[in-house]
Protein chains: 2
Amino acid sequence: MSADSATPADQPRAEARRAQILDAASDCFHAHGFHGSSISQISKAAGMSAGHIYHYFENKEAIIAAIVEQDIERLQEMTDDMRAAENPLEAMMESIDAAVAEHMQPDHAPLKLEIVAEAGRNPHIAAAVHAADAKIMGAFEETIGLIRRAGGHQDDSREIRGRTEIISALFEGLIARSIRNPDIDKETTLRIFRQIVRDLLQR
Amino acid sequence: MSADSATPADQPRAEARRAQILDAASDCFHAHGFHGSSISQISKAAGMSAGHIYHYFENKEAIIAAIVEQDIERLQEMTDDMRAAENPLEAMMESIDAAVAEHMQPDHAPLKLEIVAEAGRNPHIAAAVHAADAKIMGAFEETIGLIRRAGGHQDDSREIRGRTEIISALFEGLIARSIRNPDIDKETTLRIFRQIVRDLLQR
DNA sequence: TGTTCTAGATTGAACGCTCATTCTATGTTA
DNA sequence: TAACATAGAATGAGCGTTCAATCTAGAACA
């Protein structure tokens with residue numbers, strides 16, 4: 001096999017088939033995990049032969065990497081919307097709330113962590129994750145910077161970056177906590193979480 | 001094979017052999033991950049045949065579960081030491097600092113997340129992780145409660161628990177961040193982190 | 001003291017299975 | 001008809017686990 005996948009000629013059809021695989025893979029990965037989802041499972045879910053998946057993706061890793069990349073556009077749009085909102089701070093709080101609610105669910109939480117863990121193991125996935133992270137964090141920094149300036153703060157870029165990192169860490173950490181402690185008192189925990197995020201944005 | 005592993009007759013020797021396996025497995029899991037470490041690798045690192053590992057552990061999962069359990073005693077001792085310190089708040093800050101420094105290392109970070117992710121997938125590992133978490137968090141809550149009371153606060157148990165969850169989430173989240181962003185500005189990020197933790201303990 | 005026996009420790013080959021990927025034959029479309 | 005899409009069997013590798021054969025150590029016996 002050459003270093004490149006075959007180049008599909010019919011672009012819209014190829015994109016649609018590719019998207020089919022990514023949808024199916026995403027479902028499988030969410031349900032069973034990266035290691036727990038075989039190409040055979042993904043092919044069944046995609047309604048495509050296992051061998052044919054390799055027409056569109058070089059290997060299994062490339063599927064994960066593509067899924068990671070899908071997040072970029074989605075989250076950049078999200079931050080675009082925040083900045084365009086009448087009240088960007090409240091828009092951000094709402095978005096974070098929604099994201100936390102979504103990811104602290106048993107069917108969503110594990111994959112998020114698996115992808116990170118895999119990035120700590122596998123250089124190809126690491127490259128995709130780092131690249132995506134840089135873009136996503138850039139978008140969040142821009143948004144948080146705008147919110148801070150609107151609140152009259154004069155932060156340097158390191159302070160903005162640091163605050164962005166901590167908010168992001170809190171988000172990831174809550175996901176991990178939801179798995180470690182399924183009985184977590186969300187009400188109290190998320191109240192404190194919101195207060196901290198609000199302080200980081202406002203004070 | 002029966003539902004139980006063979007019962008070793010020579011207890012001290014059996015414990016030593018068991019510990020040998022756990023040490024070797026821990027090294028392998030840290031270096032290659034849970035899924036990336038085969039029983040064959042672990043057996044070589046332990047200086048024991050692959051087949052014999054099953055004399056001491058029911059299966060591969062049981063090795064992970066035993067590693068998770070080792071954390072309990074270690075972390076409970078850690079919190080014992082904090083409470084016994086002349087200044088428990090400062091002792092806790094120091095311990096958290098040390099733990100963060102240790103776990104935001106590339107050779108330590110991924111396994112922590114992998115174990116959580118695996119707990120989201122595998123009921124046996126989930127049981128071990130939940131049980132360990134309950135004990136460890138209990139110890140931290142007790143310590144944080146003591147620190148809060150010494151500072152003149154009257155919190156209910158939910159508030160203490162919530163604060164403990166957030167500190168823990170921050171810790172786990174920083175681990176994830178260290179993988180997503182290897183170039184993280186630790187100085188600024190950890191300064192903000194410490195401030196937040198201190199506030200949660202004191203204010 | 002030396003020998004034998006027995007129970008437990010240990011090895012490592014074999015087993016049965018699954019996996020990701022390749023590749024040939026066939027189908028489809030323009 | 002040619003180019004591309006597609007299926008699915010085959011491939012080769014690796015895995016976790018089992019199990020029969022062998023080793024070891026200590027107790028019992030002469």
Side-chain angles (χ1 to χ4, degrees), chain A residues 1-22 24-25 28-29 31-67 114 118 121-125, chain B residues 1-22 24-25 28-29 31-67 114 118 121-125:
Chain A
M1 203 199 82
S2 77
D4 300 316
S5 304
T7 308
D10 187 350
Q11 212 59 19
R13 183 176 173 79
E15 295 296 336
R17 293 293 264 173
R18 208 167 181 272
Q20 213 167 321
I21 298 164
L22 290 182
C28 290
F29 291 156
H32 307 293
F34 180 62
H35 294 287
S37 305
S38 63
I39 290 281
S40 173
Q41 275 176 309
I42 293 167
S43 73
K44 286 191 186 71
M48 189 190 294
S49 76
H52 197 47
I53 289 184
Y54 293 88
H55 188 75
Y56 297 100
F57 292 93
E58 189 183 352
N59 50 35
K60 197 178 175 185
E61 292 172 10
I63 299 176
I64 271 271
I67 287 176
E114 270 165 353
E118 201 62 32
R121 301 291 185 205
N122 178 321
H124 290 117
I125 293 181
Chain B
M1 207 200 82
S2 77
D4 300 317
S5 303
T7 308
D10 186 352
Q11 213 58 18
R13 183 177 173 76
E15 295 296 338
R17 294 293 265 171
R18 206 165 182 269
Q20 214 168 321
I21 297 165
L22 290 181
C28 289
F29 290 155
H32 307 293
F34 180 62
H35 294 287
S37 305
S38 63
I39 290 280
S40 174
Q41 275 177 308
I42 294 168
S43 73
K44 286 190 186 74
M48 189 189 295
S49 76
H52 197 47
I53 289 184
Y54 295 87
H55 187 74
Y56 298 100
F57 292 92
E58 187 183 353
N59 50 36
K60 195 177 176 186
E61 290 172 9
I63 300 177
I64 271 271
I67 287 177
E114 269 164 354
E118 201 63 31
R121 300 293 184 204
N122 178 320
H124 291 118
I125 293 183

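Just the heavy atoms: all of them, side chains too, but no hydrogens, waters or symmetry mates, feed the values below. Residue numbers begin at 1 in each chain, while the letters A, B, ... track the order of the sequences.
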K.L.:
Can you name the ring-ring contact (aromatic ring centres under 6.0 Å, His included) partners of His32(B), sequence neighbours left out?
P.N.:
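Counting only residues at least two positions away or on another chain, His32(B) forms no ring-ring contact (aromatic ring centres under 6.0 Å, His included).
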K.L.:
To the nearest angstrom, how far is Tyr54(A) atom OH from dA5(D) atom P?
P.N.:
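Taking atom P of dA5(D) as the reference, OH of Tyr54(A) is at 18 Å.
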K.L.:
Excluding sequence neighbours, so at least two apart, what forms salt bridge (charged side-chain N to carboxylate O under 4.0 Å, His left out) with Arg18(B)?
P.N.:
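Not a single residue meets the salt bridge (charged side-chain N to carboxylate O under 4.0 Å, His left out) criterion with Arg18(B).
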K.L.:
Name all residues meeting the salt bridge (charged side-chain N to carboxylate O under 4.0 Å, His left out) criterion together with Glu118(B); count only those two or more places apart in sequence or in a different chain, and write none if there are none.
P.N.:
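Salt bridge (charged side-chain N to carboxylate O under 4.0 Å, His left out) list for Glu118(B), sorted by chain: empty.
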K.L.:
Quick one: does His35(A)'s side chain get under 4.5 Å of Arg121(B)'s, heavy atoms only?
P.N.:
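When only atoms from C-beta onward are counted, Arg121(B) and His35(A) do not touch, as no gap falls below 4.5 Å.
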K.L.:
Do Met48(A) and Tyr56(A) touch side chain to side chain, with heavy atoms closer than 4.5 Å?
P.N.:
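When only atoms from C-beta onward are counted, Tyr56(A) and Met48(A) do touch, with a gap below 4.5 Å.
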K.L.:
Return the value, rounded to whole Å, for the distance between atom CD of Glu15(A) and atom C1' of dA5(D).
P.N.:
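Result: 16 Å.
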K.L.:
What integer distance in Å separates Gln41(A):CD from dC19(C):P?
P.N.:
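Between P of dC19(C) and CD of Gln41(A): 7 Å.
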K.L.:
With the criterion being N/O to N/O and under 3.5 Å, what pairs connect the protein with nucleotides 6-8 of chain D, and how long is each?
P.N.:
unit_1, atom_1, unit_2, atom_2, d
dT6(D), OP1, Arg13(A), NH2, 2.5
dT6(D), OP1, Arg17(A), NE, 3.3
dT6(D), OP1, Arg17(A), NH2, 3.4
dT6(D), OP2, Arg17(A), NE, 3.3
dT6(D), OP2, His52(A), NE2, 2.9
dT6(D), OP2, Tyr56(A), OH, 2.7
dT6(D), O5', His52(A), NE2, 3.3
dA7(D), OP2, Ser49(A), N, 2.8
dA7(D), OP2, Ser49(A), OG, 3.2
dA7(D), N7, Ser49(A), OG, 3.4

K.L.:
Could you list the protein-to-nucleotides 26-30 of chain C atom pairs, N/O on both sides, closer than 3.5 Å?
P.N.:
none

K.L.:
According to side chain to side chain donor-acceptor pair (under 3.5 Å), who are the partners of His52(A), at least two apart in sequence or on a separate chain?
P.N.:
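His52(A): no side chain to side chain donor-acceptor pair (under 3.5 Å) contacts found.
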K.L.:
Whole angstrom is fine here: how far is it from NE2 in His35(A) over to P in dC15(D)?
P.N.:
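Answer to the nearest Å: 13 Å.
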K.L.:
To the nearest Å, give me how far apart NZ (Lys44(B)) and C1' (dG16(D)) are.
P.N.:
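Atom-to-atom, Lys44(B) to dG16(D), this comes out as 14 Å.
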K.L.:
Closest approach of Ile42(A) and Ile21(A), non-hydrogen atoms and distance?
P.N.:
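Closest pair (atom of Ile42(A), atom of Ile21(A), distance): CG2-O, 4.3 Å.
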K.L.:
How many Å lie between CD1 on Ile39(B) and P on dT18(D), as a whole number?
P.N.:
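Ile39(B) atom CD1 is separated from dT18(D) atom P by 11 Å.
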K.L.:
Considering only dC15(D), dT21(C), dT18(D), which nucleotide approaches the side chain of Ser38(B) most closely?
P.N.:
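Looking only at side-chain atoms, Ser38(B) lies closest to dC15(D).
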K.L.:
Take Ile64(B) and Asn122(B) through the test side-chain contact (heavy atoms from CB on, under 4.5 Å) and record every step on the way to the result.
P.N.:
CA-CA 11 Å; Ile64(B) 271 271; Asn122(B) 178 320; over 6 Å; no
K.L.:
From CZ of Phe34(A) over to C1' of dC19(C), roughly how many Å is that when rounded to an integer?
P.N.:
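Those two atoms, CZ and C1', are 12 Å apart.
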K.L.:
When all nucleic acid strands are considered with a 4.0 Å heavy-atom cut-off, which category describes Ser43(B): base, sugar-phosphate, or nothing?
P.N.:
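Contact class for Ser43(B): none.
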K.L.:
Measure from CD on Glu58(B) to P on dT17(D) and round the result to the nearest Å.
P.N.:
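The distance from CD of Glu58(B) to P of dT17(D) comes to 9 Å, rounded to the nearest Å.
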K.L.:
Say whether, by atom type as modelled, one donor and one acceptor occur between the side chain of Lys60(A) and the main chain of Phe34(A) under 3.5 angstrom.
P.N.:
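It does hold such a pair.
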